[in-house]
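Just follow the structure's listing: the first ligand is 1, and inside any ligand the first atom is 1.
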Amino acid sequence: MGMKCLAYILKDFNKPLVPEKIEIPELRQNEMLVKIKAAGVCGSDVHMWKGQDPRLKLPMILGHEGVGEIVEINGDLKTVEGESLSIGDAILWNRGISCGHCYYCAVLNEPSLCTDRKVYGINISRNEFPYLNGCYAEYIILREGTDIFKISKEADPAVLVAASCSGATTAHGFDMIRPDTSDIVLVQGPGPIGLFSVAFAKASGAKEIIVIGGSETRLNMCKEFGATVILNRSKLSIEERKNIIMKLTGNRGVDFAIEAVGYPEALREGLDLIRPAGTYVSIGFGQPMGTIEFDGYTDLVHKNIKIQGVWVSATRHTHQALNLILGNLNTFEKMITHRFKLNEVNEALRVMENKEAVKAVLIP
Ligand SMILES: [Zn+2]
Ligand SMILES: [Zn+2]
């Protein structure tokens with residue numbers, strides 16, 4: 001058909017993404033051509049751009065969070081709810097496709113650990129057919145096996161888009177283990193995963209939600225999401241933060257903590273702030289970022305604590321995150337602090353890198 005699509009490509013790490021016009025190929029059976037209405041700029045996109053994510057296959061069209069409108073469809077495709085899909089429908093999709101048949105998918109029912117998980121904008125190269133494999137573009141081709149949610153055409157696509165990554169991954173953590181209603185919860189990191197953690201902790205009925213972070217803008221946003229105590233680590237030393245938290249918790253430490261930072265120092269601090277028999281959920285490490293000193297006696301066994309790691313998410317979690325946003329639209333609207341055109345993608349990465357933005361979204 002000869003139609004072309006503008007896409008921004010990561011060719012070399014740490015270099016600006018470059019525009020390219022890609023010819024849109026014929027759809028294969030059970031594929032959809034989708035016009036991107038909003039593409040979220042995720043914190044991990046910044047890490048990918050810097051070459052810190054081992055999953056990448058250059059050249060890549062980055063962008064794993066998308067909302068769009070179906071413009072072409074080849075096959076009788078349905079949403080996860082069983083509704084038929086047709087041209088003009090507004091949709092959000094699960095960013096990863098798991099095989100359904102490996103040991104993790106089929107035996108353990110852990111599709112996020114699938115050994116053959118394909119993720120738009122992360123591990124499908126621009127050179128792999130059908131080429132439009134990421135969201136930093138005018139169009140994406142969703143391949144067979146993608147799980148689809150139909151969304152309202154009235155909803156702001158920029159507000160819903162975070163459900164597909166930071167929201168879903170946080171939902172995965174809370175799906176595995178969640179705070180009790182009387183718990184004092186600590187959230188480390190006020191970025192998108194931190195904000196979703198605050199919102200999920202609030203929905204779980206946490207008594208207090210303490211957030212540690214370095215960006216005043218992001219910390220204030222956490223308050224609007226339901227945080228009761230914010231601790232700015234650029235103003236308070238690690239000892240001062242510990243003193244405040246010990247005072248708040250009868251000198252025991254927090255009941256439940258969520259690491260949403262991805263830096264090893266945060267993990268070390270979190271281990272020191274959890275009470276004996278408490279729970280620690282680590283979500284922030286989307287890429288290898290170094291190690292910490294860990295004492296099996298002091299940090300783990302003698303404290304009798306639970307530590308839960310969270311790797312990406314499955315369709316169930318995208319559904320949970322989408323519903324959390326839909327139930328709190330006015331709050332989540334505030335999270336989208338920056339909107340850019342597609343050709344401003346490099347600027348969007350910059351404001352996410354320096355944490356000027358809480359969440360930036362591209363509107364092609
Ligand atoms: Zn992401
Ligand atoms: Zn699998």
Side-chain angles (χ1 to χ4, degrees), residues 10 17 36 38-56 60-67 92-124 133-136 140 143-147 158-173 189-197 259-262 282-289 310-318 320-322 325 332 335-336 338 345 348-349 351-353 355 357-362:
L10 176 63
L17 308 189
I36 301 280
V41 181
C42 181
S44 40
D45 288 333
V46 175
H47 293 288
M48 288 176 212
W49 170 59
K50 291 180 176 174
Q52 292 166 331
D53 190 321
R55 295 174 291 170
L56 249 62
M60 288 275 327
I61 303 172
L62 286 185
H64 51 274
E65 302 180 354
V67 166
L92 181 147
W93 51 95
N94 196 48
R95 69 194 185 290
I97 306 164
S98 299
C99 77
H101 304 291
C102 71
Y103 193 80
Y104 295 98
C105 285
V107 178
L108 298 182
N109 197 20
E110 294 275 7
S112 68
L113 296 174
C114 175
T115 49
D116 192 28
R117 183 170 174 264
K118 295 234 177 220
V119 196
Y120 297 107
I122 297 183
N123 68 4
I124 317 175
N133 297 322
C135 298
Y136 290 4
I140 188 169
R143 48 184 72 201
E144 182 167 18
T146 306
D147 289 326
V159 178
L160 302 187
V161 82
S164 47
C165 178
S166 42
T169 304
T170 313
H172 186 188
I193 292 179
L195 283 166
F196 273 103
S197 297
E259 176 281 312
V261 183
S282 180
I283 309 180
F285 290 86
Q287 52 287 314
M289 294 298 282
V310 182
W311 179 244
V312 302
S313 60
T315 303
R316 161 183 177 79
H317 311 122
T318 306
Q320 290 165 343
L322 186 57
I325 296 178
F332 277 95
M335 187 167 122
I336 313 307
H338 291 66
V345 61
L349 283 170
V351 299
M352 285 303 285
E353 184 192 17
K355 300 183 167 54
V358 177
K359 178 90 194 165
V361 174
L362 299 173

Task: Taking every non-hydrogen atom, the tightest pair across Ala158 and Ile336 - done: O-CD1, 3.4 Å
Open item on the list: For Gly284, is there any backbone N or O sitting under 3.5 Å from a side-chain donor or acceptor partner on Glu259?
Closed with: yes
Task: Criterion side-chain contact (heavy atoms from CB on, under 4.5 Å) on Ser313 and Arg95, from CA distance to verdict - done: CA-CA 9 Å; Ser313 60; Arg95 69 194 185 290; 2.7 Å; yes
Open item on the list: How close do Ile97 and Gly145 get, counting heavy atoms only, and between which atoms?
Closed with: CG2-O, 3.7 Å
Task: Opening angle at the Zn ion (ligand 1) [SG, Cys165; SG, Cys42; to 10 degrees] - done: 130°
- [ ] Using a cut-off of strictly less than 2.8 Å, determine whether Cys102 has an N/O/S atom near the Zn ion (ligand 2).
- [x] yes
Task: Closest His64 atom to the Zn ion (ligand 1) [N, O or S only] - done: NE2
Task: Opening angle between SG in Cys105 and SG in Cys99, taken at the Zn ion (ligand 2), to 10 degrees - done: 120°
